[in-house]
Amino acid sequence: MTFVLHGIGISPQVAIGKARILRSHCPSIAKQAITEAQIPQEIDRLNAALQTAHDQLNQARSSINLETSSELAGFLDAHILMLTGTTLSATPIETIKNKSVSAEWALKSHCENLIQRFNTMQDPYLRSRKLDVEQVINRVLCILLGEEASHNFESHNSHEIIVANDLTPADTLLMHDSGIAAFVTESGGALSHTAILAKNLGIPAVIGVQNASQLISENSELIIDGKTGSVLLNPCDRILQYYQDVLQRNQQQQIQLNKLVNIPCKTQSGQLVQLHANVETVDDIPNMIASGADGVGLLRTEFLFMNRESLPSEEEHFECYQAFIQALNGKPLTIRTLDLGADKTFHHQDNTSVSNPALGLRAVRLCLSDANLFEPQIRAILRASAFGPVRLMVPMFTTIQEIDSVIKIIHGQMSKLQKKKIAFNERIHIGGMIETPAAVLCLEDFAKRLDFLSIGTNDLIQYTFAIDRVDESVNYLFNPGHPAILKLLKTIISTAKKHNISVSLCGEMAGDIKYTRLLLGLGLTEFSMNPNSILTIKSQINTTNDHTIKPMIERILEQAYPREIETLLESMNCTEN
Ligand code: PEP
Ligand code: MG
């Protein structure tokens, strides 16, 4: 009989295979007393183990293929940083000295204290980072005990589905390289690094499946449905056949989609549409070019600030943007200035005492409060604009005073560059992200001051419904198709048109095929999204008949209930042209 387990679906793919259970790696440690004479030796053992862990991770970091795994490099950097200096050694060394215990016991106690501190943190993102601490400390403990720290995936094959208590980001990469079909984990939230990485690498995965490794036995037949978050155990022939057909259809669809790469993106009545990519590092560019994207619509520069203790210098910014310009080979690049705060924090910023970081000093507010953060980035973007088609975009403008202040800073930096005879594009386009209802209500004034707009629906929805976008308990209110959001989108697009400035949409909604026709119907002609979604969205646009959808859009905009909108969207999306 088929048995279904539920969890959180991570990437919307399907996999069929045999279960391979990986037992937990957390080593069990007994308290062991040592003599006073053994203390120096125990401290040496601890330091040596920390160094070995550091070397292992450095070696893994240097063997990473940055084209597919730039995210992993960032995660490993964070783990390496924990093993640098005395962060993990100072307290255990004191414990060894004061309590005469083994290095293993001292480190394990330190780990438990740190975990307790993480558990009391209010911010769910920070709380979920305790997994990183556990993973790094477990690695060191394994070394002290002479055990293997990473799972060995070499003996596995592409029909195996890993079932584990938890997997590290490094395990996830190894699984991807060895071609394992999918994975199921018992722990881990949708914000864990492992989940983020699985999504980017396109590994079908369901996480948070309680007791999975007890309920699933070795070698049993499994189906992973990453779209619904279901794990089907011992499926009957009928279900198996259904999913085999889904797999086959997905493969054929991808082959068809790849044929669209060099075909222009336009609706049936000839309306050209630009499809741009959202990227974080220069390693994302080959994938973006392969998808036929028109350029970068959103470069999230936060990556430059993370996993480090000091702020990036102007030179570091400049070199980074130059690398993008070179890789893009003439395609446009929209650089978003720093959007830190809320769930994206960095070493320089202490958010732990802020009661509501999403409503606090984030994005442009943070930049305007700290010239050291903002001015080097502005200068670097200006300098980079001399080398290619660069636009400067500012996140989360909420008041026109913020726009005036930013423009003043940009003009100030332009004068400085002019005095030093440093080249830059004097007519560089300056745009703003529209992410708060206040910005929409004052958009006429925004549009008079800005060269372009980009709609950040992830935040616009968060701030419109007063829901924290990382809080799972209010996720049910996160609805891009809600009448309130549609009214806001309509206002933004029509105001931009009235002022003859371009408007793009770069929130997750842009890459969701469910909303493509709706957005076209609202007049959107510029989308920016995850590079993996570009061809799917292009195929939807190219088969959209603008005339057929027009009356449907009008009906959608008249609805008061989201459920009615859902039904109309479904029927509009099924319409053949
Ligand atoms: C958005 O808010 O829609 C957006 C694209 O920005 P981010 O997700 O980086 O906040
Ligand atoms: Mg945003």
Side-chain angles (χ1 to χ4, degrees), residues 71 74 123-125 190-191 195-196 199-200 275-281 284 288 293 295-306 333-346 349 351 356-367 377 391-398 402 406 431-440 446 452-471 475 477-482 484-486 488-489 492-493 503-512 515 519 524 526-534 537:
E71 292 260 3
D123 184 310
Y125 180 81
L191 287 171
I196 296 167
K199 202 174 186 177
N200 283 11
L275 298 181
H276 294 268
N278 295 349
V279 300
E280 288 178 349
T281 76
D284 297 328
M288 177 218 122
V296 169
L298 167 63
L299 164 56
R300 288 183 163 105
T301 57
E302 294 81 71
F303 193 82
L304 255 174
F305 290 78
M306 288 181 184
L333 169 66
T334 303
I335 305 176
R336 177 175 79 181
T337 56
L338 181 63
D339 184 6
L340 279 176
D343 62 321
K344 291 180 279 189
T345 48
F346 70 125
Q349 185 192 24
N351 241 353
N356 202 333
L359 302 179
L361 204 58
R362 64 165 288 203
V364 68
R365 303 171 184 180
L366 178 68
C367 289
Q377 181 170 38
R391 305 197 300 177
L392 187 155
M393 180 162 83
V394 181
M396 220 183 136
F397 272 139
T398 306
E402 284 167 355
V406 166
M433 288 189 69
I434 305 304
E435 308 191 86
T436 64
V440 185
F446 278 41
F452 67 95
L453 306 176
S454 187
I455 313 169
T457 42
N458 305 342
D459 279 315
L460 185 60
I461 298 169
Q462 154 166 266
Y463 294 123
T464 301
F465 293 119
I467 50 170
D468 188 338
R469 67 194 246 195
V470 297
D471 184 344
N475 197 41
L477 282 166
F478 199 94
N479 180 6
H482 190 283
I485 302 302
L486 301 189
L488 292 171
L489 295 179
I492 302 169
I493 296 166
V503 58
S504 163
L505 192 149
C506 63
E508 290 303 299
M509 186 182 187
D512 188 340
Y515 301 112
L519 292 172
L524 190 77
E526 268 183 53
F527 294 63
S528 191
M529 66 195 77
N530 174 333
N532 294 328
S533 305
I534 284 181
I537 300 300

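In this chain, numbering begins with 1 at the start of the sequence shown. Note that ligands are numbered from 1 as they come in the structure, with each ligand's atoms numbered from 1 the same way.
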Query raised in the report: Which of the numbered atoms in ligand 1 are below 4.0 angstrom from a heavy atom of Met433?
Result: 4 (C), 5 (C), 6 (O)

Query raised in the report: If hydrogens are left out, which of Arg362, Glu435, Arg300 has an atom nearest to atom 7 (P) of ligand 1, that is, the closest non-hydrogen atom?
Result: Arg300

Report task. Decide whether an N or O pair under 3.5 Å exists between Glu302 and ligand 1. Result -> no

Query raised in the report: So, does Arg300 use its side chain to make a donor-acceptor pair with the main chain of Asn278 at under 3.5 Å?
Result: no

Requested in this report: Rounded to the nearest 0.5 Å, what's the gap from CG on Leu488 to NE2 on His482? Could you check?
Outcome: 10.5 Å

Query raised in the report: Can you tell me if an N/O/S atom from Asp339 lies under 2.8 Å from the Mg ion (ligand 2)?
Result: no

Requested in this report: For ligand 1, indicate whether the residue Leu460 contacts it via side chain, backbone, both or neither (heavy-atom separation under 4.0 Å).
Outcome: neither

Report task. Of all N, O or S atoms in Glu435, identify the one at the shortest distance from the Mg ion (ligand 2). Result -> OE1

**Report entry** Nearest non-hydrogen partners of Ala510 and Met529, listed with the distance
**Finding:** O-CE, 3.5 Å

Query - From Ser528 atom OG to Ile534 atom CD1, the distance as rounded to the nearest 0.5 Å - result: 7.5 Å

Query raised in the report: Below 4.0 angstrom, N of the basic side chain to O of the carboxylate: do Arg362 and Asp459 qualify?
Result: yes

Requested in this report: Using a strict cut-off of 4.0 Å, indicate which atoms of ligand 1 neighbour a heavy atom of Leu298.
Outcome: 5 (C)

Query raised in the report: Any N or O of Glu508 that comes nearer than 3.5 Å to an N or O of ligand 1?
Result: no

Report task. Would you mind running through ligand 1 and noting each atom that sits below 4.0 Å from a heavy atom of Gly456? Result -> 1 (C), 2 (O), 3 (O)

**Report entry** Exercise: identify the closest heavy-atom pair between Leu460 and Pro437
**Finding:** CD1-N, 4.0 Å

Report task. Enumerate the atoms of ligand 1 whose separation from the nearest heavy atom of Asp339 is less than 4.0 angstrom. Result -> 10 (O)

Report task. Identify the heavy atoms of Ile492 and Val503 that sit nearest to each other, and give their distance. Result -> CG2-CG2, 4.1 Å

Query - Atom indices of ligand 1 within 4.0 angstrom of Cys506 heavy atoms, with elements - result: 5 (C)

Requested in this report: With heavy atoms only and a cut-off of under 4.0 Å, state how Asn278 meets ligand 1: side chain, backbone, both or neither.
Outcome: neither

Query raised in the report: Considering only N, O or S atoms, which atom of Asp459 is nearest to the Mg ion (ligand 2)?
Result: OD2

Query raised in the report: Measuring from Arg336:CZ to Ser454:OG, what's the distance to the nearest 0.5 Å?
Result: 9.0 Å

Requested in this report: Mark yes or no for whether Asn458, through its side chain, and Glu508, through its backbone, hold a donor-acceptor pair below 3.5 Å.
Outcome: yes

Query raised in the report: Counting each atom of ligand 1 from 1 as listed, which ones have a heavy atom of Arg336 under 4.0 Å away?
Result: 6 (O), 7 (P), 9 (O)

